[in-house]
Amino acid sequence: MRAERKARAETASDEADAAGLDEAFTLARAALGSQDVPVGAVVIDADGAVVGRGQNVREKLGDPTGHAEVLALRAAAEALGTWRLSGCTLIATLEPCVMCAGAAMASRVERIVFAAWDPKAGACGSVWDLTRDPLATHPVPVVGGVRAQESAALLVDFFEGRRLG
């Protein structure tokens with residue numbers, strides 16, 4: 001019986017992750033109209049409901065902290081009325097950088113799920129592994145590479161367009 005409940009919970013989590021990633025991709029594509037790198041992020045609660053959304057606005061707002069993940073975490077904290085996002089999952093179209101991984105850890109999210117790995121600035125296992133550092137006060141489990149090709153194609157198209165334009 002316990003194994004069946006666990007299997008159902010994993011399926012529900014997979015379905016919630018997939019729906020969250022769908023929304024994160026929608027947010028990333030919406031950023032294509034600006035000069036911002038097309039990255040989107042959402043925070044889902046334990047029931048799979050989206051409680052925070054963000055897309056990169058660093059160029060649009062001239063804000064160095066205007067990363068999709070930070071904005072999604074801020075929106076989730078506001079929606080839930082607490083900075084402690086226990087039981088929540090951060091879902092992003094690109095592996096979080098050091099700032100975003102640190103913010104996720106500080107907010108006490110339960111998990112991080114992302115699409116493409118970031119071989120230049122990723123902090124969840126590629127360049128750095130901040131989320132699993134044994135010295136970290138609040139390590140966070142990470143699921144990376146989910147729909148990586150879709151995210152990579154979006155990013156490659158964006159950067160090729162900038163080089164050609």
Side-chain angles (χ1 to χ4, degrees), residues 2 5-34 36-116 118 121-125 128-147 151 154:
R2 199 177 274 175
R5 276 196 301 260
K6 183 177 180 190
R8 280 196 301 268
E10 288 172 1
T11 301
S13 178
D14 291 345
E15 291 169 7
D17 290 353
L21 205 45
D22 285 343
E23 185 151 354
F25 272 110
T26 298
L27 292 163
R29 288 184 190 97
L32 286 171
S34 71
D36 282 293
V37 177
V39 176
V42 298
V43 175
I44 60 173
D45 66 13
D47 296 324
V50 175
V51 293
R53 294 171 178 80
Q55 67 190 56
N56 278 0
V57 293
R58 198 167 57 165
E59 297 295 330
K60 182 178 178 181
L61 299 181
D63 179 357
T65 67
H67 290 207
E69 301 92 330
V70 169
L71 297 174
L73 292 166
R74 286 179 186 160
E78 185 175 336
L80 298 174
T82 180
W83 63 269
R84 292 180 191 268
L85 302 180
S86 304
C88 292
T89 299
L90 172 65
I91 301 174
T93 59
L94 183 63
E95 178 183 5
C97 68
V98 170
M99 175 180 68
C100 296
M105 294 168 67
S107 72
R108 313 297 200 270
V109 295
E110 188 170 309
R111 303 168 52 239
I112 297 172
V113 176
F114 65 85
D118 184 349
C124 295
W128 297 282
D129 200 354
L130 186 62
T131 54
R132 290 183 216 107
D133 188 309
L135 298 176
T137 307
H138 301 285
V140 178
V142 172
V143 177
V146 181
R147 293 169 59 182
S151 181
L154 185 65

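Everything numeric in this text was worked out from a predicted model, so none of it was measured.
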Exercise. Counting only N and O atoms by type, is there a donor-acceptor contact under 3.5 Å from the side chain of D118 to the main-chain atoms of C97?
Worked result: no
For this session: Output the distance between atom CG (L90) and atom SG (C100), rounded to the nearest 0.5 Å.
Result: 8.0 Å
For this session: With rounding to the nearest 0.5 Å, note down the distance linking CG in L85 to CG in D45.
Result: 10.5 Å
Problem set entry | E69 CD to L94 CG distance, which is reported to the nearest 0.5 Å | 7.0 Å
Problem set entry | Separation between CD of E110 and NE2 of H138, rounded to the nearest 0.5 Å | 14.0 Å
Problem set entry | For F114 against P96, the heavy-atom pair lying closest together | CD2-CD, 3.9 Å
Exercise. Does the side chain of M99 reach to within under 4.5 Å of the side chain of V70, using non-hydrogen atoms?
Worked result: yes
Problem set entry | Sequence-distant partners of L61, side chain to side chain contact (heavy atoms under 4.5 Å, CB included), two or more places apart | V57, D63
Exercise. Does any N or O in the side chain of N56 come within less than 3.5 Å of the main-chain N or O of D36, such that one atom is a donor and the other an acceptor?
Worked result: no
Seminar exercise, completed: For G52 and A75 the tightest heavy-atom approach is CA-CB, 3.8 Å
Seminar exercise, completed: Looking only at heavy atoms, the pair that brings V51 and A79 closest together is O-CB, 3.4 Å
Exercise. Hey, are the side chains of C88 and L80 touching, using non-hydrogen atoms and a 4.5 Å cut-off?
Worked result: yes
Exercise. When you measure from the side chain of D47 to the backbone N and O of A49, does any donor-acceptor pair fall under 3.5 Å?
Worked result: no
For this session: Would you give the length of the straight line joining atom CG of D14 to atom CG of L21, rounded to the nearest 0.5 angstrom?
Result: 12.0 Å
Problem set entry | CA sep, side-chain torsions, deciding dist, call: V109, L73, side chain to side chain contact (heavy atoms under 4.5 Å, CB included) | CA-CA 9 Å; V109 295; L73 292 166; 3.9 Å; yes
For this session: Say whether, by atom type as modelled, one donor and one acceptor occur between the side chain of E59 and the main chain of S34 under 3.5 angstrom.
Result: no
Problem set entry | Pairwise side-chain contact, L32 with L154, heavy-atom cut-off 4.5 Å (strictly under) | yes
For this session: Compare every heavy atom of V140 with every heavy atom of R132, then report the nearest pair and how far apart it is.
Result: CG-O, 4.3 Å
Seminar exercise, completed: On a heavy-atom basis, the closest approach of E95 and C124 is OE2-N, 2.8 Å
Seminar exercise, completed: Between S107 and A104, the two heavy atoms sitting closest are OG-O, 2.8 Å
Exercise. Can you tell if the side chain of D17 reaches within under 4.5 Å of the side chain of V146, non-hydrogen atoms only?
Worked result: no
Problem set entry | D22 side, atom CG; I91 side, atom CD1 - distance, nearest 0.5 Å | 9.5 Å
Problem set entry | Any donor-acceptor N or O pair under 3.5 Å, side chains S86, R108 | no
For this session: Spell out, as yes or no, whether a donor-acceptor pair under 3.5 Å connects the side chain of S151 to the backbone of T93.
Result: yes
For this session: Output all residues satisfying side chain to side chain donor-acceptor pair (under 3.5 Å) with R53, sequence neighbours left out; order by chain, then residue number.
Result: E23
